[in-house]
Asks: 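Questions regarding the structure given below will be posed in turn.
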2 protein chains.
Amino acid sequence: MAKPQTPPEPDKNKEVKEQILRAAKTLFTTRGYDGTSVRQICEEADVSLALVSYHFGGKEKLFYELFNPIREIFRNQQFDLADPEKALKQFCMEFVRNRYSENELINILQQELLMNSPRLDMLTDVFLPSWDHLRQILQACKQCDIIECPSVDTAVRFVMGTLMYSIQLPFLNQSGPAQTPEETARFAADYVLKGLSRR
Amino acid sequence: MAKPQTPPEPDKNKEVKEQILRAAKTLFTTRGYDGTSVRQICEEADVSLALVSYHFGGKEKLFYELFNPIREIFRNQQFDLADPEKALKQFCMEFVRNRYSENELINILQQELLMNSPRLDMLTDVFLPSWDHLRQILQACKQCDIIECPSVDTAVRFVMGTLMYSIQLPFLNQSGPAQTPEETARFAADYVLKGLSRR
DNA sequence: GTCTATACGCCGATAGAC
DNA sequence: GTCTATCGGCGTATAGAC
């Protein structure tokens, strides 16, 4: 089916929706869910107040829709548990890449996780798969005596902490030249593997 | 000492202030600054709405006062840069202990850091000393060729991530028996040292 | 589909009685 | 020092014109 032609605009509808999504993403990132008002979003997006409810059905639904782009990413990830060490390395590198490319959404997610927000129920498919994959990988690593840790849970948290903080932090005026995502990914995988390795 | 009996109350003033502080701490932790209303705090503390303004001068000042107990802790920390490896180990262990004993405040702090909130300006003396200490320690370690990293900034973030996530996370139903803070502190120091060590 | 105007509730802060 | 009552403002959501 071709475009509906001449009418007012080509895809004005989609355009407005995406403008709202863009504004919402940056605002939620820097002010949090409760710190961001629909008014601010619409002002930033340069559209009228009513359009968030019209296009998304309200602030909360807009919030959830923000995460649609990364829902697939995490769902489609696969790791070969037969080679746990390689799987761990692969997990770390892919996570860091995603940490960089989806910085804002993962920041928002971290805020929500930290306060155990009531919105998490609608976001489990966004964040749980990663935690589960990592846990399975580390479980396998431990069984093969590749790593050493008091409990798999603890190792999961340590690794996740490492990977979550792999990106530059806004509140530090980081001086020198920034690493590339790929460099950081390699270093992260190294750091994790060495850190968990049996002495 | 028996109860002071008949006078109005012994330290009702202090008692009310502390009740408000307690309620504020738990609410800010689980709902964030903007997600928590003064009304909720007062209801939870079982005092009337006006008392937050009366005793603290408003919501924001109450928020800042929450952190007073840990301001000293971080300011008074000292590390001997002459023995960087020992300093790093000490830093990790002390941070993890604090992470456990001041779980709620550090959670709140993390939320604020993550969204680079405008309130951070009044909290620099709470969180900056730790980041600075860690950076100095890692700088020293790197100069002595004890550790290896693409940049000190990156190492700082990795270590902080590890330590921040050293505590149990509310959104994971963590199965097995929890580690003690001391066990976790030891493991964290090990993980960090091994992770950063030259191969 | 997009706008303006408005409904209605909760927000933080304070005035004034006790 | 603590309460209740209330202020002005901003929150989300929607009705109705275009």
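Atoms considered below: every heavy atom in the structure, side chains included; atoms not considered: hydrogens, waters and symmetry mates. Reminder, nothing fancy here: chain letters follow the sequence lines and each chain counts from 1.
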Asks: Show every side-chain hydrogen bond (donor to acceptor under 3.5 Å, both in side chains) that has at least one partner inside residues 59-68 of chain A, sequence neighbours left out.
Replies: Glu60(A)-Tyr64(A), Asn68(A)-Arg71(A)
Asks: Tell me the interatomic distance from Leu62(A), atom CG, to dT12(D), atom C1', rounded to whole angstroms.
Replies: 13 Å
Asks: Side-chain polar contacts of residues 39-49 of chain B - donor-acceptor pairs under 3.5 angstrom, sequence neighbours left out - could you list them?
Replies:
| from | atom 1 | to | atom 2 | distance (Å) |
| --- | --- | --- | --- | --- |
| Gln40(B) | OE1 | Ser37(B) | N | 2.9 |

Asks: Parallel, tilted or perpendicular: which one describes the rings of Tyr33(A) and Phe28(A), with boundaries at 30° and 60°?
Replies: parallel
Asks: Return the set of residues passing side-chain hydrogen bond (donor to acceptor under 3.5 Å, both in side chains) with Asp34(B) (not counting sequence neighbours), or none when no residue passes.
Replies: none
Asks: Taking five pairs at each end, how big is the angle between the two axes of the helix from dG1(C)-dC18(D) to dC18(C)-dG1(D), to 10°?
Replies: 10°
Asks: Under the side-chain hydrogen bond (donor to acceptor under 3.5 Å, both in side chains) rule, what pairs show up with a residue in residues 86-97 of chain A, not counting sequence neighbours?
Replies: Gln77(A)-Glu94(A), Gln90(A)-Glu94(A), Arg97(A)-Glu182(A)
Asks: Got a sec, which residues hit side chain to side chain contact (heavy atoms under 4.5 Å, CB included) with Thr124(B), two or more places apart in sequence or on another chain?
Replies: Phe127(B), Leu128(B)
Asks: In this structure, how many angstroms lie between the P atom of dC3(D) and the CD atom of Glu43(B), rounded?
Replies: 13 Å
Asks: If the condition is salt bridge (Lys or Arg N to Asp or Glu O under 4.0 Å), which residues does Arg119(A) pass it with, not counting sequence neighbours?
Replies: Glu112(A)
Asks: Tell me: CD of Glu18(A) to P of dG1(C), nearest whole Å?
Replies: 15 Å
Asks: Output the rounded distance in Å from NZ (Lys17(B)) to P (dT2(D)).
Replies: 11 Å
Asks: Scan residues 133-160 of chain A for pairs that pass salt bridge (charged side-chain N to carboxylate O under 4.0 Å, His left out), counting only residues two or more places apart or in two chains.
Replies: Arg135(A)-Asp153(A), Asp145(A)-Arg198(A), Glu148(A)-Lys194(B)
Asks: Using a 4.0 Å heavy-atom cut-off to protein, can you give one letter per nucleotide of nucleotides 4-18 of chain C, 5' to 3': B if the base is in contact, S if only the sugar-phosphate is, - if neither?
Replies: B------BBBB----
Asks: Quickly work out the Asp34(A) CG to dG11(D) P distance and round it to whole Å.
Replies: 12 Å
